[in-house]
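Input: a single structure, listed below in structure tokens.
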Amino acid sequence: MIDGGNKSKRAAQGFVRFLEGPYIILITKRKKAALIGPHTVYKIEDTSMLYIPNETVRYVHPDESRYVRMFQNVDLSSNFYFSYSYDLTHNLQYNMANIKRPVQGPIPPPDGCNRSKLLVWEASLEGELNSSRCSSEEIPDIAASELGMREASLYPPVMNGSASVKGANENESVCGIRQKPTRKFVWNNHLLKQVESKVHHDWILYIIHGFIGQSNIGVYGKSIYLTLIGRRSNEFAGTRFLKRGANCEGSVANEIETEQIVQDTSVTFLAHTKVSSYVQLRGSVPLFWSQDLNKMGPKPPITLDQRDPYASVAGRHFNQVLRRYGAPVIVLNLVKTRERKRHESILSEEFVDAINYLNQFLPPQHAIQYIGFDMARVTKRKNADVMMRLARIARYCLKQTGIFFCLPSRQAECMSKDDELKMLQGRLNKNGCKQTGVVRTNCVDCLDRTNTAQFALGKCALAYQLYALGVLEKPNLDFDTDCVKMLEELYEDHGDTVALQYGGSQLVHRIKGYRKIAPWTSHSRDIMQTLSRYYSNTFSDVEKQQAFNLFLGVFEPAEGQPNLWELPTDFYLHNPTTLGRSLMRNLSYSQWWDAEVFEHLPMPYEEVSKSEVEQLEVAVVPASNENVNIFFEFYRPFDLTVFDDLYQYYMSHATRKYMPKGAKDFSPFLVRENPEPADKIGQETNPNISGKDSTASSTSQGSDDTSSSEDPSVEAGVHLSESTSPYDSEHESNYVSFKDLFPSMKRVYDTEIKEPNDRDKNIYERYVEIGQGCHQTMEQKQNPALMNDFEKSLVPHRARKVQQGLDIYPVSGFKLDSTFGVEPPPVSLQSREIYKSYVERGLYGAGPPTDHDKHTYLKYIQMKYM
């Protein structure tokens with residue numbers, strides 16, 4: 001980072017070389033995008049690409065400028081994010097996981113340790129940290145277990161800043177452990193490949209591509225941050241029609257990991273606060289399939305490119321999913337199943353066959369669960385409620401996978417006995433619950449229908465997250481509340497961002513369209529988005545795909561080799577095993593999973609093996625670095641802060657943005673009237689005028705509605721026995737009255753003009769009398785003839801007031817200050833004690849409760865549970 005933020009920092013996205021000398025890509029401008037505990041997440045605003053060798057001896061290649069322009073087609077100022085102290089490539093559950101067993105063997109010290117003192121953590125049997133100092137010569141003899149720490153992953157690339165910097169000088173260097181990122185989500189992985197082990201780590205930043213949005217749920221003044229992170233995979237990445245299905249390694253197109261984080265910001269550090277997260281996945285159908293672009297049309301026909309009777313590519317893909325997320329894996333397939341002319345149903349049938357084959361070799365408790373929901377067909381029914389069906393599916397899925405939440409030990413012990421949370425299948429522990437498994441959602445494009453389904457899952461998960469954090473009394477959230485509106489906007493922004501990256505336009509079908517409350521004004525917008533997507537897919541996707549291939553290192557230019565634009569296809573670039581470059585380990589037809597992955601199910605193997613040597617490394621940084629001293633970076637009392645520039649001030653807030661004016665109840669969970677009138681009953685329910693969804697074929701005649709009488713509680717073999725609750729659907733009135741069009745002053749501003757009462761009249765009369773008495777001149781007092789009739793009428797009244805006496809005292813008392821100095825007001829002892837406890841709580845966390853607090857809490861427990 002060059003002159004960014006409060007202090008100058010250097011950071012490079014990486015180095016790239018085409019046919020001439022190397023270039024360095026520097027981040028020159030950044031912007032705060034989110035706060036996760038004390039960790040700041042930045043969005044890249046601007047970058048600079050500099051040629052490293054001397055220009056006087058530069059060798060000019062004729063194709064160099066074209067490669068540079070092609071590389072710069074990847075807009076690095078659009079949806080690229082990084083953090084100095086938080087690993088964005090891992091989810092929150094992994095980052096907060098403890099190192100369960102010591103690393104075998106010593107870890108050698110990094111370069112530069114011999115010139116500074118090192119801070120080393122010795123983990124006791126209880127898992128607590130004890131800091132000690134030693135010289136660099138002692139480090140090789142120290143076992144790696146002594147370098148382990150309770151929350152090392154929370155503070156990459158080094159360690160717990162609050163403990164490490166305590167008592168350290170600013171010029172002193174400290175040493176600690178950092179975890180390695182998930183290369184799958186590091187988009188500058190190719191740019192760092194050649195220099196990562198050669199340059200100083202201050203010049204290395206791991207960036208992700210996707211979406212990050214954050215909003216503040218104000219619960220009666222208490223800030224609850226809701227964060228949505230979308231991590232886009234760099235494997236088999238590309239544009240809509242050019243990247244479909246999967247490659248030989250099992251990587252699928254448009255694969256995005258969506259994480260929903262809810263945190264209580266009353267305590268800064270994640271280890272001491274209440275925090276929760278829920279992870280879900282979207283990605284293309286893991287089969288060998290494509291669509292022929294030579295046939296002009298909005299939706300080319302779907303073709304299966306290769307026969308895969310043993311589901312090898314699907315097995316490799318689900319092996320990766322089990323490795324990262326554990327079991328069970330729930331597949332929510334939104335592709336059409338019944339069509340008059342087969343189009344999408346080809347994928348559904350092949351996908352079901354592949355899952356059935358893979359499940360033969362898994363035990364029932366770890367089998368892949370398949371839920372098929374023909375969302376397009378259900379949407380076209382007049383009386384069908386898509387969101388209610390999705391809500392029931394979401395509750396079933398959450399009870400299978402669970403959610404992650406970390407609470408203080410006493411509260412976690414009470415929540416583990418709660419009936420609602422007992423039904424979650426996640427692994428409960430003394431600090432909360434862990435999510436095991438993931439819901440993988442897909443349609444054909446993984447854009448419109450998938451985004452709505454993920455919103456339904458996120459809405460159900462948010463209710464459980466707020467319930468686990470003690471905010472809600474029941475894990476239920478209704479539509480048309482400020483909280484759900486905020487969540488809907490986050491998922492809409494997430495869907496628009498992904499759709500622009502993959503499809504070339506924003507979402508065509510939105511959540512309001514599936515709720516059947518979208519106004520007619522949205523139809524013209526949907527038509528424009530459809531045309532924009534068709535134009536982008538037809539004319540500009542080839543250049544975007546070439547830019548992705550060059551940026552991600554799928555193609556590396558070389559002298560004497562064909563150029564990227566001369567290749568007839570990039571199939572062999574994304575499937576190198578077909579050319580025998582790197583032969584993969586062939587799994588057996590029955591054991592399609594890795595042995596170590598299967599051994600630790602239902603827990604994800606990546607989390608279990610977090611303490612492996614290849615997952616950890618030692619780093620040395622200055623004691624004042626943000627990687628180490630997060631408190632120093634987050635709290636800067638010596639810098640002038642403008643409130644308009646403060647991130648917490650301009651971030652989205654439920655009370656400020658979604659609460660209507662004049663609202664009396666400030667709860668973000670209160671159902672409010674929908675200001676947008678719903679479409680009339682009997683009119684077209686789909687927001688698109690054509691009545692077809694964005695992934696429907698132009699030659700398809702729609703789904704067959706002959707099975708409209710089927711049992712809605714059964715979704716493709718998975719029985720959803722959940723009873724339908726009123727909060728699963730929304731019943732809104734379509735009647736618009738005159739009062740709705742022209743609301744009263746009482747309704748809008750919570751006030752009303754009325755006739756003043758006698759008391760107010762007397763006060764105003766007294767005010768006028770005082771004003772007249774102050775402005776009466778001496779001539780008028782001596783000569784009454786100079787007064788007008790109104791002033792004459794007030795003379796007896798004034799005389800009566802003067803006789804009675806009018807004592808006016810100031811409401812507030814101030815000391816007599818001069819223009820040269822003002823004496824500061826005294827601060828009471830109680831206020832000073834409150835401020836002292838506030839500072840100590842920020843430095844050392846919450847202290848022991850007082851006797852009064854213990855007594856209050858005991859009464860609360862007795863009333864609630866006894």
Side-chain angles (χ1 to χ4, degrees), residues 299 332-345 347-348 371-396 441-445 447-457 459-460 479 507-520 522-523 526 530 674 676-734:
K299 300 293 182 295
L332 178 56
N333 185 20
L334 307 176
V335 178
K336 291 181 179 180
T337 56
R338 299 179 184 179
E339 299 172 300
R340 295 180 183 177
K341 186 175 181 179
R342 298 182 67 207
H343 178 66
E344 298 183 12
S345 57
L347 292 177
S348 294
I371 300 177
F373 180 43
D374 196 338
M375 194 169 172
R377 176 169 57 87
V378 176
T379 304
K380 293 179 181 180
R381 300 176 186 172
K382 294 183 180 180
N383 299 323
D385 194 336
V386 176
M387 301 308 298
M388 181 188 69
R389 300 278 293 273
L390 287 176
R392 296 173 57 197
I393 294 174
R395 288 178 66 85
Y396 170 81
T441 312
N442 73 271
C443 55
V444 176
D445 295 329
L447 296 178
D448 302 333
R449 287 174 281 180
T450 299
N451 195 72
T452 303
Q454 286 199 329
F455 163 74
L457 289 165
K459 175 177 172 292
C460 184
F479 281 107
L507 292 174
V508 175
H509 294 293
R510 297 182 170 270
I511 299 172
K512 284 185 172 61
Y514 289 105
R515 292 181 60 196
K516 302 182 182 180
I517 63 171
W520 276 98
S522 65
H523 294 173
D526 294 338
T530 302
N674 190 4
E676 298 182 6
D679 290 344
K680 295 180 180 180
I681 300 176
Q683 292 181 348
E684 183 184 0
T685 58
N686 199 311
N688 195 340
I689 292 179
S690 63
K692 299 178 181 179
D693 61 287
S694 62
T695 55
S697 172
S698 60
T699 60
S700 176
Q701 301 298 325
S703 301
D704 188 4
D705 293 334
T706 59
S707 61
S708 60
S709 62
E710 66 179 6
D711 183 9
S713 66
V714 178
E715 303 290 348
V718 177
H719 183 69
L720 308 179
S721 58
E722 285 297 316
S723 59
T724 304
S725 302
Y727 59 83
D728 289 333
S729 62
E730 181 181 10
H731 306 283
E732 297 184 355
S733 174
N734 296 320

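All values reported here derive from a predicted model rather than from experimental measurement.
Every side-chain contact (heavy atoms from CB on, under 4.5 Å) that Ala453 has, sequence neighbours left out, goes to Leu332, Leu334, Leu390, Thr441.
A distance of 10.0 Å separates CZ in Arg342 from OG in Ser348, rounded to the nearest 0.5 Å. Atoms SG and CE, on Cys443 and Met375 in that order, are 8.5 Å from each other to the nearest 0.5 Å. Rounding to the nearest 0.5 angstrom, the gap separating the CG atom in Asn451 from the OH atom in Tyr514 is 10.0 Å.
With Asp445 contributing its side chain and Leu447 its backbone, the two residues share no donor-acceptor pair below 3.5 Å.
Looking at Thr452 and Met387, their side chains come closer than 4.5 Å, going by heavy atoms from C-beta outward. In this structure the side chain of Lys336 never reaches within 4.5 angstrom of the side chain of Val444, judged on heavy atoms.
Across Asn333, Thr337, Val386, Val335, a single residue satisfies side chain to side chain contact (heavy atoms under 4.5 Å, CB included) together with Phe373, and that is Val386.
Here the closest non-hydrogen pair linking Ala456 and Ala394 is O-CB, 3.7 Å.
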Stepwise side-chain contact (heavy atoms from CB on, under 4.5 Å) test for Glu344 and Glu339 | CA-CA 8 Å; Glu344 298 183 12; Glu339 299 172 300; 4.0 Å; yes
